[in-house]
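Predicted model only: the values in this text are computed from it and were never measured. Atoms within a ligand are numbered from 1 in the order they appear, just like the ligands themselves. Position 1 is the first residue of the sequence; numbering continues from there.
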Amino acid sequence: MYPFILERPRDVAAATRLGSADSAVYIAGGTDMMQLLTDEILHPDHLVALDGLLDARIEVTPDGTLRLGGAARMSDIADDPDVAAVFPVVAEALLLSASGQVRNMASIGGNLLQRTRCPYFRDPGVHACNKRYPGAGCAAMDGATRTLAVLGTSPHCIATSASDVAVALMALSAQVHVLGAHGERVLALDELYRLPGDTPQIETVLEPGELITSVVVPPTPAARNSSYLKVRDRVSFEFALTSAAVGLDVADGVIRAAGVAMGGVGTKPWRMPLVEEALIGRPATAQTYRDAAQHATEGAVTREGNRFKPELMKRTLVRALHVVGGRA
Ligand code: SF4
């Protein structure tokens, strides 16, 4: 591990000042950051510790809105009875993430900002990675692509977004509150993430020093009737090959509202507006689900190792729609 200075700021304002420095990174739960440091993928000069500084509360407000403090632990959110009852897709996505030990440490803010699991990005022996060394090329393009993205890719990067709960929150139109040296702002979760384009090293719209202080999820009938389905190579402690977060509001057998996002397939958590449009106003039937799922793969670009993904995406989505539509 490269040497660094550990900063322990007194409050959040001091943290954002320290975090604005060129070679500073934050550490909260540390579950991803410690791997990146010990593997020498990152070598910051300053590590800014956030423990004890950020809100860790989990609350459902009187109007039904879910509010998660940026430091709320994954395990605490997953175990919260209100989250499980009113936003089940969030609880399910968390329980299908990582391991119990990791969930006990990891914060929701850190989870949303975790780095890709692209094996070449995580291999300190690989130099050809535009995310780590801009302009160095991309070893993944002609490498092992089984776990890599088919949506939102560019000629410079095909790395998959890793977070499960980000996919669930995307389907529910969550917002993130962020704080930096110049104050607070609110972003739709979809706006937080950038596509790789020709600058894959820039993954979010956060300014230097900005951090996530809370996540807010609006209450909707579709959120209450929601679920997360994850397909992966082994049944625990594994990232998604494909996943689907689905929320449906169904009345008298007709879909009135839908929220759909997919994971394991995009360079960011991937909202599916065309699928949603194809569901709304249609009867909640197998035919509707099959028709809507055809839209999930529009724009997909595959490589040798991940040609199976578009078909698996459709099957994953149809199954998730059956689970949610069948219990409406
Ligand atoms: Fe790096 Fe992206 Fe290529 Fe992976 S896909 S090696 S993260 S540039």
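Relative to atom 1 (Fe) of ligand 1, the option among P196, C129, C118 with the closest non-hydrogen atom is C129.
Ranking the protein heavy atoms by distance from atom 3 (Fe) of ligand 1 puts C138 SG, 2.3 Å first. Counting only heavy atoms of the protein, atom 5 (S) of ligand 1 lies nearest to I158 N, 3.3 Å. Nearest protein heavy-atom neighbour of atom 2 (Fe) of ligand 1: C157 SG, 2.4 Å.
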task = Under the side-chain contact (heavy atoms from CB on, under 4.5 Å) rule, what do R132 and Q201 come out as? Steps first, then yes or no, please.
result = CA-CA 7 Å; R132 288 168 53 209; Q201 73 279 14; over 6 Å; no
task = Please assess R224 against D249 for the test salt bridge (charged side-chain N to carboxylate O under 4.0 Å, His left out), listing each intermediate value before the final yes or no.
result = CA-CA 8 Å; R224 187 177 280 273; D249 175 17; over 6 Å; no
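Within the structure, ligand 1 has H156 among the residues with a heavy atom less than 4.0 angstrom away.
Taking the centre and axis of the six-membered ring of Y289, the NZ or CZ atom of R282 falls outside the cone set by 45° and 6.0 Å.
Below 4.0 Å from some heavy atom of Y120 lie the following atoms of ligand 1, by number and element: 6 (S). Which parts of ligand 1 touch F121 is read off a 4.0 Å heavy-atom cut-off, strictly below it: atoms 7 (S).
When each of V150, L317, L312 is tested with T242 by the rule side chain to side chain contact (heavy atoms under 4.5 Å, CB included), just one qualifies, namely L312.
With respect to the salt-bridge test (charged N to carboxylate O, under 4.0 angstrom), the residues R122 and D39 do not qualify.
Of all the heavy atoms in A162 and F239, the pair that sits closest is O-CD2, 3.8 Å.
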